[in-house]
Student: 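Please read through the structure below; I'll follow up with questions.
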Number of protein chains: 2
Amino acid sequence: LTKNNRKKFRKLFLSLHGYEQSQLFENFSLAQRKIIYSYLTPEELANVFDDTEEDPVEAGKYLDEMPPAYVARLLREMYMDNVVDILADMRPLKRRKYLNLMQTGEAAQVRNLIHYEDESAGSLMTTEFIAVKEDLSVGSAMHQVKREAQEAELITYIYVIDEAGVLVGVLSVRDLITHPDDEAIKDIMITRVLAVDVNEDQEAIAEQVRDYNFVAIPVVDEAEKIVGIITVDDIIDVIDEESAEDYSHLAGVDTQTISHNPFQTAFKRLPWLITLLFLGMLTATLINHFDTLLSQMSVLAVFISLITGTAGNAGTQSLAVAVRRLAMNSHLKITRLLLNEVATGIIIGVVTGVCVWLMVGFWKQDLVLGGIVGAAMASAIFVANLAGSIIPIGMEKLGVDPAVASGPFISTLSDLTSVLIYFNIAQYFLQMYGH
Amino acid sequence: LTKNNRKKFRKLFLSLHGYEQSQLFENFSLAQRKIIYSYLTPEELANVFDDTEEDPVEAGKYLDEMPPAYVARLLREMYMDNVVDILADMRPLKRRKYLNLMQTGEAAQVRNLIHYEDESAGSLMTTEFIAVKEDLSVGSAMHQVKREAQEAELITYIYVIDEAGVLVGVLSVRDLITHPDDEAIKDIMITRVLAVDVNEDQEAIAEQVRDYNFVAIPVVDEAEKIVGIITVDDIIDVIDEESAEDYSHLAGVDTQTISHNPFQTAFKRLPWLITLLFLGMLTATLINHFDTLLSQMSVLAVFISLITGTAGNAGTQSLAVAVRRLAMNSHLKITRLLLNEVATGIIIGVVTGVCVWLMVGFWKQDLVLGGIVGAAMASAIFVANLAGSIIPIGMEKLGVDPAVASGPFISTLSDLTSVLIYFNIAQYFLQMYGH
């Protein structure tokens, strides 16, 4: 690129896959990018932009560096869904500028697509699909496929529509190839087509594509007319995004946006930490409430962190299980899950409690103290374990995403209940045995 | 099904997608399944088995219920990768029985595939792909595709091989359709094919398919000969599996295998809890070590759980960020990540520490006590935050999956360091100010 060798650069660069080209492109300087714009045709650069994983905002900035005529052709060549992604993140004024550069028909399509809600089928779909009329023969459908193949994002499925544009069937390109030219499309198509509504949420769509092993799924409007398709590569991005979200929630931190500025990083994590700090202060006030007990028997302080820590761990485990099961299974029997957790909590609590009773009993040569710690441990684990299930289930019932209940939240909350249980049990035992 | 109405059942059942058929099938009783085997041809049932999400062990049990001739045809019709999944989980004796039912060629292929390591390309791939010789014309290649289309799992990509079977190129069915019959395959194929080695790990493969937006990726042996393809539907399963694994690790519990027996559930969670319990006992011993300090100033006990809890939360956050960044980016600059975490830890520590200093100072009307708690909080957060990054990075360096470092582990470990920091700071302050 530096040697001004256009031919050599083109040969090397164009032999790469679009994804590799985009990785290179993102590392070029402004001056280098300007050279690229003169070396590559807009058609070739469209390929790079279609396969990029760059943030749409960044990609939008590149457009500003190009001559208007170049942008116009670039946008025409790119897949519609990617163009929409870039334009959707622009300021209205700038967006209008680029829409004016596009052909009237395409600009109207983009305007339509931009209005779909984020994370809906409409915002994921592309409009470059192949739809044939139901009264065609295999031969003439094949003819149409040949004509439109270069434009379409995917030709694995050919969708069949009636006069009004309503989706009535689907066939694979495989069917088209293997059936004789004079057969009617109507006779070989599958009439039971699974389609999603333009307003459907991306998580539900991803589930369908995964379960049915589709390579693409058609999107229809209220009138059952096909308006676009969602391809599996976009579904993979959705799956990645959703699982990263769940993971982030579990840790109570956004792990998706990467920032190299420690102030930004810190101020992203602080709100949650400070919120939990207040919950922690409540626990401290509670312990403070028992200060006479503590000053009588300071050995109790030794086991506070053991009990709160272990109960928190058990709560986090049951939380993760509940959140996953709620996410995986929409027909989950809630009572069954809860009953199972109650029983599990009892078993875990009793086993851990007995372990602790023996350990503390032998260590301190005091089976009553061991009993206090063991009983507190068992009860605290039982409560934390149950809270770890009930809280996400309750959130689901209230229509809140249960994944938002984070591990740190459950363990901080369980600190509170554990301390409450611990000191009450201690007080009760001391009255009983007058230690 | 109960009405013995074969025709009606077939019509209804066969209008469903394979995934829906399999969902129904899994809910049938043994008697009902026996009827199914008489109602459906093995070819039709193969479709059900190919789209099932049932555990391979369960699917293997169904085979035992069928007449041998029926099984033989069923296995022949199913995709090779799914047959291998089922047979791989059987006892050797039983497996041999089914292999004997298969055609010699296919049985040999299955035997080969079974030996690939779990989670390797070889265990994911299917052998039903289309490969054409490089010296063919478009027309004769199309002829071959038509012939083999029904057998192949996917015809989106046609792979091109030389005389020795070495993978030399690839083209899409789209290219085949749009190019004239007399053109040579050699002239239209892409020669730079991305392929994976049979022994490559599934996580790396999933990353490639996702980045490059492939619908399938070819698998080659050491001699660069194509031996199979991995299709995107299997890649989605891998992505799901890997993210569920990361999620499970973060909570220190297996969220994937669902069990309805509380004893099983409990005994899956207990090992990790008990291990952490020992670490928690260490913390207790440490607090015990400071018992003179505690009995002098029992108010110190009030803030133990506040400090350990908050530091644990901060540690979990930085752990999640580090694990995700290690997973996402193989060319990560470790020093940069660490420096960023050090700075973030200082900022978070100082902000939280000052909050706590003021809160405790006003509450207890004692700025020295507030200072002790605040300083301990700041240092404990800093250490936990750093540990949350260093531990996964160290594990990655040692070749261990960093996702194994769980949130509960980090927070239990940080309990230990937090307590150590807290009591040392308290001791130091008391010596200074002689409270």
Side-chain angles (χ1 to χ4, degrees), chain A residues 15 17 19 146 149 155-156 173-174 177-178 192 210-213 215 232-233 236 239 243 247 250-253 255 262 265-266 269-270 273 276-277 280 283-284 287-288 294-295 298 301-306 308-310 313-314 316-317 320-321 324 340 343-344 347-348 351 407-408 412 415, chain B residues 15 17 19 146 149 155-156 173-174 177-178 192 210-213 215 232-233 236 239 243 247 250-253 255 262 265-266 269-270 273 276-277 280 283-284 287-288 294-295 298 301-306 308-310 313-314 316-317 320-321 324 340 343-344 347-348 351 407-408 412 415:
Chain A
S15 77
H17 184 276
Y19 168 70
K146 277 186 194 173
I155 62 161
T156 310
V173 72
R174 188 198 306 238
I177 292 177
T178 51
R192 207 171 148 282
R210 184 188 55 204
D211 287 344
Y212 287 88
N213 293 341
V215 178
V232 71
D233 55 310
I236 290 186
I239 292 177
S243 70
Y247 188 85
L250 188 61
V253 63
T255 60
T265 315
R269 296 189 203 170
L270 273 169
L273 278 182
L276 293 177
L277 187 66
T283 312
I287 303 179
N288 189 57
L294 260 174
S295 57
S298 66
V302 168
F303 301 103
I304 293 178
S305 75
L306 183 72
T308 56
T310 310
N313 293 342
T316 307
Q317 288 184 332
V321 170
R324 281 296 293 180
N340 194 46
T344 306
I347 300 167
I348 292 180
V351 173
T412 309
D415 283 358
Chain B
S15 76
H17 184 275
Y19 168 70
K146 277 185 194 174
I155 63 161
T156 310
V173 70
R174 189 199 305 238
I177 291 178
T178 51
R192 208 171 146 280
R210 185 187 55 203
D211 286 344
Y212 286 89
N213 293 340
V215 177
V232 72
D233 55 311
I236 289 186
I239 292 177
S243 69
Y247 188 85
L250 187 61
V253 63
T255 60
T265 316
R269 297 190 202 170
L270 273 169
L273 277 183
L276 293 178
L277 189 65
T283 311
I287 303 179
N288 189 57
L294 260 174
S295 56
S298 63
V302 169
F303 302 103
I304 292 179
S305 74
L306 183 72
T308 56
T310 310
N313 293 343
T316 306
Q317 289 185 332
V321 170
R324 283 293 299 179
N340 194 46
T344 307
I347 299 167
I348 292 180
V351 172
T412 310
D415 284 357

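What you see is a predicted model, and the numbers here were worked out from it, not measured in a lab.
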Student: For the interface with chain A, which of Ala343(B), Gly252(B), Ala266(B), Gly280(B) has the highest count of heavy-atom pairs at distances below 4.5 Å?
Tutor: Ala266(B)
Student: At their closest point, which heavy atom of Ser298(A) faces which heavy atom of Leu294(B), and how far apart are they?
Tutor: O-CD1, 4.3 Å
Student: How long is the span from the CG atom in Leu273(A) to the CD1 atom in Ile348(B), to the nearest 0.5 Å?
Tutor: 5.5 Å
Student: With a 4.5 angstrom heavy-atom cut-off, which part of Arg192(B) approaches chain A: side chain, backbone, both or neither?
Tutor: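 Just the side chain, heavy atoms under 4.5 Å.
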Student: So which heavy atom on Ala149(A) is nearest to which on Thr178(B), and how close?
Tutor: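 Nearest pair, atom of Ala149(A) first, then Thr178(B): CB-CG2, 3.8 Å.
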Student: Over all heavy atoms of both residues, which pair between Thr308(B) and Ser305(A) is shortest? Give the atoms and the distance, please.
Tutor: CG2-CB, 4.5 Å
Student: Taking Val173(B), Thr283(B), Ile236(B) one by one, which has the highest count of heavy-atom pairs under 4.5 Å against chain A?
Tutor: Ile236(B)
Student: Got a sec, which residues hit ring-ring contact (aromatic ring centres under 6.0 Å, His included) with Phe303(A), two or more places apart in sequence or on another chain?
Tutor: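 Only Trp363(A) meet the ring-ring contact (aromatic ring centres under 6.0 Å, His included) criterion with Phe303(A).
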Student: Flag the one option from Asn213(B), Thr412(B), Asp415(B) with the top tally of heavy-atom pairs under 4.5 Å to chain A.
Tutor: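 Of the candidates given, the most pairs with chain A belong to Asn213(B).
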Student: Taking all non-hydrogen atoms of both residues into account, name the closest pair between Ala284(B) and Val302(A) and its distance.
Tutor: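 That would be O-CG1, 3.1 Å.
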Student: Under a 4.5 Å heavy-atom cut-off, does chain A meet the side chain of Asn288(B), its backbone, both or neither?
Tutor: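 Answer is both: backbone and side chain atoms of Asn288(B) are under 4.5 Å from chain A.
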Student: Please report the shortest heavy-atom distance between Ala301(A) and Ile304(B), naming the atom on each side.
Tutor: O-CD1, 3.8 Å
Student: Distance check, rounded to the nearest 0.5 Å: Gln317(A) atom CD versus Leu270(B) atom CG?
Tutor: 8.0 Å
Student: If I measure from the heavy atoms of chain A, does Val232(B) come under 4.5 Å with its side chain, its backbone, both, or neither?
Tutor: side chain
Student: So which of Val351(A), Asn340(A), Thr156(A), Ile239(A) has the largest heavy-atom pair count under 4.5 angstrom toward chain B?
Tutor: Asn340(A)
Student: So for Thr265(B), is it side chain, backbone, both, or neither that comes closer than 4.5 Å to the heavy atoms of chain A?
Tutor: both
Student: With a 4.5 Å cut-off on heavy-atom pairs, point out which of Leu276(B), Val215(B), Leu277(B) contacts chain A the most.
Tutor: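 Sorted descending by pairs with chain A, the first entry is Leu277(B).
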Student: Please classify the contact of Thr310(B) with chain A as side chain, backbone, both or neither, using a heavy-atom distance under 4.5 Å.
Tutor: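 For Thr310(B), the contact with chain A is made by backbone and side chain together.
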Student: Can you tell me how far the CD1 atom of Ile177(A) sits from the CD1 atom of Ile155(B), to the nearest 0.5 Å?
Tutor: 4.0 Å
Student: Between Arg174(B), Lys146(B), Arg210(B), which residue shows the highest count of heavy-atom pairs closer than 4.5 Å to chain A?
Tutor: Arg174(B)
Student: What distance do His17(A) atom NE2 and Asp211(B) atom CG have between them, rounded to the nearest 0.5 Å?
Tutor: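 It is 10.0 Å, given to the nearest 0.5 Å.
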